Amino acid sequence: MFTGSNLPAVGEYNQTVVLDAIRRHPHGSTRSKLATFTGLSSMTVANVCRRLLASGLVEERGTHVNGPGKPAAILRLNPGGGFAIGVHIDPAVVTYVLVDLAGEVRDHTRSGTPSAQDPESVIDEMARSIDALITTSGVDRSRLLGIGIATPGPVNIEDGIVLNPPMLPHWHRVPLRTALSAATGLPVLLEKDVTAAAVAELWYAEPSDSRDFAFMYYGTGLGTGIAVAGEVVRGISSNAGDPGHMTVDPEGPLCVCGRRGCVGYSVVPRALIEKAQSLGILDGKLAPGAEGIPQIDEAFTRLAALAEAGDAPAHAVIADAARQLARAVVVIVNLLDIERVIFGGPFWSRVAPIVLDVLPGVVRSDPALVPPHEVRFTESVIPVDVAAVGAASLVFDSTFSPRPSTLLIAAG
C-alpha cells in the first residue's frame, strides 16, 4: 500500500494514491476511510475526490450511515470513466481487447498474425482492427486513455521496437509504438508479453493477495513474469522473464542452443505434440519452424482431449512435461523466494487439470527446494487473454498507479 503526502507540490501523486485506494475497494469507500487508508489529511482527500468526481473517474453511489449526522457518500470507480485497448501479438493470433476502468473486458476480437515483411501494412491492419473494436463497442472515444501492446521478446522498450522474436518470422526491428500511435492518434505502450501478464495480475489482485509471485506463461513458448514486493521485474533492457534454457532433463532432447533438456524446448506445445506423434498417440507431422504454428493449436487440443478422456499414453506425455516444468519452478522459487506461482497463457487451460495434479507435489518433494515457507499454485483469473488484458492494464498502471519515483521528480 502506498501512502500519500500533504505537500502541495505533489498533488498529482496524491491523486493517484487516492484513486488507487478507491480501486482497491470495489464495493466503495467513504472519504474518511480513504484518509485512514492513504495517510492523507481529510482536507487533502476531500480536494482530491472533488477533482476525481469532476473528471468522471469516480462516482458517488449510495451512502454510509455511521451514527448521527449526515450520511457519508460512498465513492467508487466509474467504469466508464476511462478505457484502454490491449493488443497481444502471439505467433498464431493477434488478440484485441477493450477494457474499462473497473477492469471489465467490454469487447474483444482476434485475427491471424500477419507477416511483418511489410511493417507498414501490419500497422495499417492493426489500426483498422482497433478502430473496428472501438466502433462496435460503442464507447466514447474521448475516454480512451491509450493502447498497450504485449509482444514476444526481445523488445526495445525505450524506442518501442519489436526486435526479433524467434517465432515471428520477418518481425525484425518493427517500430510498433511510434507507428501505431501515429496511425491511431492515441498514446501507445509496448511491453514484453510475460511482463504484461504480471502487470495484469497485480492490477487485478485483491488487497490480500501476495505481491511476490512468478507468472508461468504457457503459450507457443514458455515465459515467466516476475513480481517482487508488488513491482514487476523488467530487467535492465525490459526483457526479463525467459527461463527457456534452464536445463530440466540432462538426457532430454537437443535444444537449438546446443544443450539438452532445456525447459523451453521440452515442455512447450510443439514438443509435446512431437513426442505424442513419435509414440503413435497422434498422427501426422508438424511442419518445421514457424510453418508449423497454425497446426499446433489443433494438434495440442487433440492431445489434451485424449489425456482428459483417460488415454494413458497421452496423459503420460503431459504429466512428464509437468514434472520437468516443476524442476524449473523450483529454481525460480529458490532464486526469488516467492510465495506464489501463477499459471496462465493461451495453451494453459487445456493441460491445467493434469499439470496442477502433478506439479505441486513434485515441487514440494524436491530436495533442491530451499525456502521453508509454503508455495501456492494458482491459475490466472484474467478473462479472455491474460497478455492482451495485461497490455490494457499497462495503460491504467502507467496512468493511475502511484509511484514514488514520480513523487521525487515532482518534488525536485
Side-chain angles (χ1 to χ4, degrees), residues 12-13 15-16 19-20 22-23 51-52 55-58 77-89 94-109 122-151 155-162 174-193 195-204 225 232 234 238 382-403 405-406 409:
E12 289 300 316
Y13 177 76
Q15 183 165 305
T16 61
L19 187 66
D20 187 62
I22 294 172
R23 182 177 70 82
R51 294 197 298 271
L52 292 174
S55 69
L57 293 173
V58 303
L77 278 183
N78 174 16
F83 300 91
I85 292 171
V87 182
H88 175 208
I89 301 170
V94 179
T95 303
Y96 302 85
V97 297
L98 191 145
V99 183
D100 67 24
L101 192 56
E104 291 294 319
V105 177
R106 293 291 189 97
D107 203 353
H108 72 280
T109 185
V122 171
I123 300 302
D124 288 343
E125 182 174 336
M126 292 178 69
R128 285 194 298 271
S129 296
I130 289 169
D131 185 69
L133 182 67
I134 297 169
T135 300
T136 57
S137 68
V139 303
D140 182 351
R141 287 175 182 260
S142 69
R143 288 289 179 180
L144 287 170
L145 301 171
I147 300 169
I149 301 175
T151 176
V155 294
N156 180 332
I157 297 299
E158 185 175 346
D159 296 327
I161 296 172
V162 179
V174 179
L176 268 187
R177 189 182 65 204
T178 302
L180 191 59
S181 181
T184 62
L186 291 167
V188 175
L189 297 172
L190 179 70
E191 192 72 82
K192 191 175 176 181
D193 49 10
T195 304
V199 169
E201 290 296 330
L202 286 171
W203 185 260
Y204 280 74
V232 172
R234 288 179 167 86
S238 296
I382 309 300
V384 185
D385 180 315
V386 64
V389 175
S393 300
L394 290 170
V395 177
F396 294 137
D397 184 61
S398 174
T399 306
F400 298 127
S401 289
R403 302 188 187 286
S405 59
T406 305
I409 292 171

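It should be emphasised that the depicted structure is a prediction, and the values quoted were computed from it without experimental measurement. This chain uses plain numbering: 1 for the first residue, then up along the sequence. Heavy atoms only: backbone and side chains are in, while hydrogens, waters and symmetry mates are out.
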**Value rounded to 0.5 Å, distance of CZ in Phe396 from CG in Asp20** = 13.5 Å

**Message:** Testing the basics here: between Ala200 and Val386, what is the closest heavy-atom pair and its distance to 0.1 Å?
**Reply:** CB-O, 4.1 Å

**Prompt:** What residue pairs, at least two apart or across chains, pass salt bridge (charged side-chain N to carboxylate O under 4.0 Å, His left out) with a residue in residues 134-151?
**Reply:** Asp131-Arg141

**Message:** Going by the rule ring pair (Phe, Tyr, Trp, His ring centres under 6.0 Å), which residues pair with Tyr96 if we only count those two or more places apart in sequence or in a different chain?
**Reply:** none

**Message:** Can a donor-acceptor pair be found, under 3.5 Å and without considering hydrogens, that links the side chain of Ser181 to the backbone of Thr178?
**Reply:** no

Can you give each donor-acceptor pair under 3.5 Å made by side-chain atoms of residues 79-88, sequence neighbours left out, with the distance rounded to 0.1 Å?
unit_1	atom_1	unit_2	atom_2	d
His88	ND1	Asp385	OD1	3.2
His88	ND1	Asp385	OD2	3.0
His88	NE2	Tyr217	OH	3.2

**Item:** Option among Val389, Ile382, Asp100 that satisfies the side chain to side chain contact (heavy atoms under 4.5 Å, CB included) test with Val105
**Value:** Val389

**Prompt:** Taking all non-hydrogen atoms of both residues, which atom of Ala127 and which atom of Ala183 are closest, and how far apart?
**Reply:** CB-CB, 3.9 Å

**Asked** Is the backbone N or O of Ile157 less than 3.5 Å from a side-chain atom of Arg177, with the two atoms forming a donor-acceptor pair by type?
**Response** yes

**Asked** If you measure from OG1 on Thr399 to CG on Leu394, what distance do you get to the nearest 0.5 Å?
**Response** 10.0 Å

**Asked** Do Leu189 and Ser398 have side chains that get closer than 4.5 Å, going by heavy atoms?
**Response** yes

**Complete:** In short, Gly146 meets Leu186 closest at the heavy-atom pair CA-CB, 4.5 Å

**Prompt:** What's the shortest heavy-atom distance between Val395 and Ile147, and which atoms?
**Reply:** CG2-C, 3.7 Å

**Asked** Between the side chain of Asn156 and the main-chain N/O of Ile161, is any donor-acceptor distance below 3.5 Å?
**Response** no

**Asked** Does a side-chain heavy-atom distance below 4.5 Å link Asp397 with Val232?
**Response** no

